[in-house]
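The structure appears below as structure tokens.
All residue numbers in this chain count up from 1 along the given sequence.
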Amino acid sequence: MNHLPNLINMGSQSLHGSVPEEHLQHRRLWILNLHQGEGFLEIDGHRQAFFPGDATWVPAGIPYHYQFHGPSKLSFLHFVPVCRGTPVMLPSRIALGFHFESLHERITRCAPIWTREKSRAHALLWETLWTLRDLAHESGTSDSPHPAVRHSLREIEMHLAEPLYTDRLARQVGLSKTHLNRLFHKTLGVAVQEHIRLQRCRRARVLLEETTLSIKEIGLQVGIPDPHLFNKTLRRVLGKSPISIRKRGR
């Protein structure tokens, strides 16, 4: 990122993936996306993977395209940068880890207050951008995750409804449990089991907001079949009960 912006264009949520690839270019707007799905982003000929819990950047004026692996819900901010001060550089992909939920909430709050409380929306944007800068510097996110991480993420995504064990994932990629956890921490900012818990809660939120499946069925689909544990886990990770998430999505 060349300059920190202070003008928001919009912020909201959208569902992608019905069309596998999207080719776009914005003349003035910079794009910040927070992903709950996975796929590839190609910017100016450079192609890289993104995963659930990642943020991606697209500068203004540069052609880009997304390739989504199935339905992919994302939160986004579109903004116009103002060229002031010292440039701040960020990688085009940042693993957010535990910070995903707070940043998601911050972004989705921008759109409804933009027209009536612009100064507050500006403050949310600045706070979001500085948080991203700090996370990028702390994690040293690489554009090319370790192959073992990529394989494990795909396994988790494909088998989220089933029991998932770190030692089994580690054996599949020929690493020790400790080594795989270390790679997950470096790439995503969390250990394997915490990433699995986060992904189960994020998928549950999408299903609660976008479908009419029963709460019990959603718990089964995300690998938390015990209703009490499902409620407790969502409250811990998302700060809301399944019922309150469903009400908010309608």
Original post:
Do the side chain of Gln193 and the main chain of Leu164 share a donor and acceptor less than 3.5 angstrom apart?
Top reply: yes
Subject >> Note, Gln36 side chain near Phe100 side chain (heavy atom, < 4.5 Å) >> reply: yes
Subject >> 4.5 Å side-chain heavy-atom contact, Arg154 and His151 >> reply: no
**OP:** Dump the intermediate steps for side-chain contact (heavy atoms from CB on, under 4.5 Å) on Lys73 and Arg205, then the final yes or no.
**Re:** CA-CA 10 Å; Lys73 191 171 185 180; Arg205 179 169 60 192; 5.7 Å; no
Original post:
Do NZ/NE/NH1/NH2 and the carboxylate oxygens of Glu155 and Arg150 come within less than 4.0 Å?
Top reply: no
Subject >> Over all atoms of both residues, closest heavy-atom pair of Ala204 and Val222 >> reply: N-CG1, 3.8 Å
Subject >> Verdict with reasoning, Glu209 to Lys247, per salt bridge (charged side-chain N to carboxylate O under 4.0 Å, His left out) >> reply: CA-CA 8 Å; Glu209 292 177 347; Lys247 287 180 179 178; over 6 Å; no
Original post:
What closest approach, in Å, do Gln199 and Gly53 show between heavy atoms, and which atom pair accounts for it?
Top reply: OE1-N, 4.4 Å
Subject >> Side chain to side chain, Leu132 and Leu96, heavy atoms closer than 4.5 Å >> reply: yes
Original post:
Within the distance-only criterion (no hydrogens, no angle test), does the side chain of Arg235 pair as donor or acceptor with the backbone N or O of Pro242 below 3.5 angstrom?
Top reply: no
**OP:** Verify side-chain contact (heavy atoms from CB on, under 4.5 Å) between Asn33 and Ser75, making sure each step is shown before the conclusion.
**Re:** CA-CA 6 Å; Asn33 290 326; Ser75 311; over 6 Å; no
**OP:** Hey, could you give me the OG1/CD distance between Thr211 and Glu217, rounded to the nearest 0.5 Å?
**Re:** 9.0 Å
Original post:
Under a 4.5 Å cut-off applied to non-hydrogen side-chain atoms, are Arg106 and Thr131 in contact?
Top reply: yes
Original post:
Atom CG of Leu175 and atom CG of Asp167: how far apart are they, to the nearest 0.5 Å?
Top reply: 13.0 Å
**OP:** Tell me whether Leu160 is reachable from Leu220 by hopping between hydrophobic residues (I, L, V, M, F, W, Y) whose side-chain heavy atoms are closer than 4.5 Å.
**Re:** no
Original post:
Taking side chain as C-beta onward, heavy atoms only, is Ile196 less than 4.5 Å from Arg200?
Top reply: yes
**OP:** Check the surroundings of atom CD1 in Ile243: do more than 12 heavy atoms from other residues, nucleotides or ligands lie under 6.0 Å from it?
**Re:** no
**OP:** Start with the C-alpha distance between Phe68 and Leu74, add both sets of side-chain angles, then the distance that settles side-chain contact (heavy atoms from CB on, under 4.5 Å), and finish with yes or no.
**Re:** CA-CA 11 Å; Phe68 297 99; Leu74 57 85; 4.3 Å; yes
Original post:
Out of curiosity, Thr166 OG1 to Glu194 CD, how far, rounded to the nearest 0.5 Å?
Top reply: 11.0 Å
Subject >> Any Leu198 side-chain heavy atom under 4.5 Å of Cys201 side chain >> reply: no
Original post:
Is the closest side-chain donor-acceptor distance between His35 and Thr56 under 3.5 Å?
Top reply: yes
Original post:
Can a salt bridge be assigned to the pair Arg93 and Asp54 using a cut-off of 4.0 Å between side-chain N and carboxylate O?
Top reply: yes
**OP:** Indicate the atoms forming the closest heavy-atom contact of Val173 with Ser152, along with that distance.
**Re:** CG1-OG, 4.1 Å
Original post:
Under 4.5 Å between any side-chain heavy atoms of Pro227 and Ile215, yes or no?
Top reply: no
**OP:** Classify the side-chain pair Ser244/Ser241 by whether it contains a donor and acceptor separated by less than 3.5 Å.
**Re:** yes
Subject >> CA sep, side-chain torsions, deciding dist, call: Lys240, Glu101, salt bridge (charged side-chain N to carboxylate O under 4.0 Å, His left out) >> reply: CA-CA 11 Å; Lys240 300 178 179 66; Glu101 303 306 330; over 6 Å; no
Subject >> Connected via hydrophobic side-chain network under 4.5 Å: Tyr165 and Leu183 >> reply: no
Original post:
Do Phe76 and Ile107 come close enough that some side-chain heavy atom pair is under 4.5 Å?
Top reply: no
Original post:
Going by the angle between their ring planes, with limits at 30° and 60°, are Phe79 and Trp57 parallel, tilted or perpendicular?
Top reply: perpendicular
Subject >> Trace of the side-chain contact (heavy atoms from CB on, under 4.5 Å) decision for Trp130 with Leu135 >> reply: CA-CA 9 Å; Trp130 282 115; Leu135 288 173; over 6 Å; no
Original post:
Can you list the steps and then say if His195 with Phe51 is a ring pair (Phe, Tyr, Trp, His ring centres under 6.0 Å)?
Top reply: CA-CA 11 Å; His195 173 77; Phe51 305 99; 8.5 Å; no
**OP:** Kindly compute the distance separating NE2 (His99) from OG1 (Thr128), expressed to the nearest 0.5 Å.
**Re:** 12.5 Å
Original post:
So, does Thr233 use its side chain to make a donor-acceptor pair with the main chain of Phe230 at under 3.5 Å?
Top reply: no
**OP:** Cation-pi check, Arg47 to Phe40: give yes when NZ or CZ is under 6.0 Å from the six-membered ring centre and within 45° of the ring axis, no otherwise.
**Re:** yes
Original post:
Does Leu208 offer a backbone N or O that forms a donor-acceptor pair with the side chain of Arg246 under 3.5 Å?
Top reply: yes
Original post:
In Å and rounded to the nearest 0.5 Å, what is the CZ to CD1 distance from Arg203 to Ile224?
Top reply: 11.5 Å
Subject >> From His159 atom NE2 to Leu169 atom CG, the distance as rounded to the nearest 0.5 Å >> reply: 9.5 Å
